[in-house]
Amino acid sequence: QVQLVQSRGDLVQAGGSLRLSCEASESIASIDVMGWYRQVPGKERDLVAAIKSDGGTYYPDSVKGRFIITRDNYKNTLALQMNSLKPEDTSIYYCAVLGRHLNEYIYWGQGTQVAVSS
C-alpha cells in the first residue's frame with residue numbers, strides 16, 4: 001500500500017514552467033513503473049509521462065519535448081518538470097503507480113491543480 005503526497009499547484013502564464021513533486025510513503029525502488037496523468041473534470045484521464053525503475057521514460061506527443069519526468073528511488077520521490085506550458089495543459093495532475101499497462105493505475109496522489117493562462 002503506497003500513499004502519494006503531491007506538491008501544491010499553481011497558476012502559470014503560457015510559456016512558463018512549473019515543477020510538480022510527489023513523495024511516496026514507502027520505498028519505490030521495487031516499483032517498476034510510476035507516472036503522471038492529468039484529468040479535466042468530466043473528461044477521460046490522459047497519461048502525460050511514465051518512468052521505469054531503470055530510468056526508461058515515455059511521453060505522449062502532446063507533451064514530448066516539453067515535460068520531463070524523474071524519480072529518485074533513494075528519496076522515494078517522483079517529479080514532473082513542465083516547460084513551455086500551454087493553456088491546454090490546464091488540468092488536475094496526479095502522480096501514480098502504474099500497473100502492467102500504461103492506462104492502468106494502482107495508486108495515485110490527491111491531485112495538483114495546474115492552470116495555464118493565455
Side-chain angles (χ1 to χ4, degrees):
Q1 187 82 6
V2 180
Q3 293 182 355
L4 303 170
V5 180
Q6 303 176 215
S7 59
R8 186 186 306 172
D10 208 345
L11 193 160
V12 187
Q13 291 187 341
S17 298
L18 184 66
R19 183 179 178 85
L20 303 181
S21 63
C22 174
E23 183 175 357
S25 61
E26 58 187 68
S27 176
I28 63 171
S30 62
I31 298 176
D32 187 16
V33 187
M34 296 191 73
W36 292 87
Y37 71 90
R38 62 190 182 189
Q39 184 174 33
V40 175
K43 296 185 178 180
E44 295 296 316
R45 64 175 183 265
D46 293 316
L47 181 71
V48 296
I51 184 168
K52 299 191 68 174
S53 59
D54 63 3
T57 58
Y58 162 83
Y59 303 96
D61 291 339
S62 60
V63 307
K64 192 173 298 181
R66 299 190 298 119
F67 290 10
I68 301 172
I69 184 172
T70 56
R71 65 188 287 173
D72 189 325
N73 291 339
Y74 184 77
K75 296 181 179 179
N76 298 321
T77 56
L78 183 73
L80 182 68
Q81 177 65 45
M82 303 183 289
N83 301 312
S84 301
L85 285 164
K86 304 175 181 179
E88 50 263 44
D89 292 321
T90 295
S91 187
I92 299 175
Y93 287 72
Y94 300 85
C95 66
V97 172
L98 278 64
R100 294 180 59 190
H101 309 289
L102 293 180
N103 63 348
E104 180 183 4
Y105 304 91
I106 301 174
Y107 303 110
W108 52 89
Q110 80 277 21
T112 296
Q113 187 82 251
V114 175
V116 183
S117 61
S118 59

To the nearest 0.5 angstrom, please state how far the OG atom of Ser118 sits from the CD atom of Gln13.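 Interatomic distance, Ser118 OG to Gln13 CD, rounded to 0.5 Å: 9.5 Å.
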Drop me the distance from Asn76's CG to Glu23's CD, to the nearest 0.5 angstrom.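 The CD atom of Glu23 is 7.5 Å from CG of Asn76, to the nearest 0.5 Å.
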Report, one line per pair, each donor and acceptor closer than 3.5 Å where one atom sits in a side chain of residues 65-74; sequence neighbours left out.
from, atom 1, to, atom 2, distance (Å)
Arg66, NH1, Ser84, O, 3.0
Arg66, NH1, Asp89, OD2, 2.7
Arg66, NH2, Ser62, O, 2.9
Arg66, NH2, Asp89, OD1, 3.1
Arg66, NH2, Asp89, OD2, 3.4
Arg71, NE, Asn73, OD1, 2.9
Arg71, NH1, Asp32, O, 3.2
Arg71, NH1, Ile51, O, 3.3
Arg71, NH2, Ile28, O, 2.9
Arg71, NH2, Ile31, O, 3.0
Arg71, NH2, Asn73, OD1, 3.3
Asp72, OD1, Tyr74, N, 3.0
Asp72, OD1, Lys75, N, 3.0

Check for a donor-acceptor pair, side chain of Asp10 on one end and backbone N or O of Val12 on the other, with a separation under 3.5 Å.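 Answer holds: no.
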Donor-acceptor pair, Ser91 side chain versus Gln39 backbone, under 3.5 Å?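 Side chain of Ser91 to backbone of Gln39: a pair is present.
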Indicate the atoms forming the closest heavy-atom contact of [X] with [Y], along with that distance.
X	Y	answer
Met34	Val97	CE-CG2, 4.1 Å
Ala49	Pro60	N-CD, 4.4 Å
Val2	Ala24	CG1-CB, 4.1 Å
Cys22	Leu4	SG-CB, 3.6 Å
Arg100	Glu104	N-OE1, 3.2 Å

Under the rule for side-chain contact (heavy atoms from CB on, under 4.5 Å), what residues qualify as partners of Thr112, not counting sequence neighbours?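 With neighbours one apart ignored, the set is Gln6, Leu20, Val114.
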Hydrophobic cluster (4.5 angstrom, side-chain heavy atoms) - remaining members for Leu102: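 Under the 4.5 Å side-chain rule, Leu102 groups with Val33, Tyr37, Leu47, Tyr58, Ile92, Tyr94, Leu98, Tyr105, Trp108.
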The test is side chain to side chain contact (heavy atoms under 4.5 Å, CB included); show your working for Ser17 and Gln81 and say whether it passes. CA-CA 7 Å; Ser17 298; Gln81 177 65 45; 3.9 Å; yes
Leu78 and Ile106: same hydrophobic cluster, using ILVMFWY side-chain contacts below 4.5 Å?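 Same hydrophobic cluster.
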Run the side chain to side chain contact (heavy atoms under 4.5 Å, CB included) check on Val63 and Arg38 step by step: do they pass? CA-CA 12 Å; Val63 307; Arg38 62 190 182 189; 4.2 Å; yes
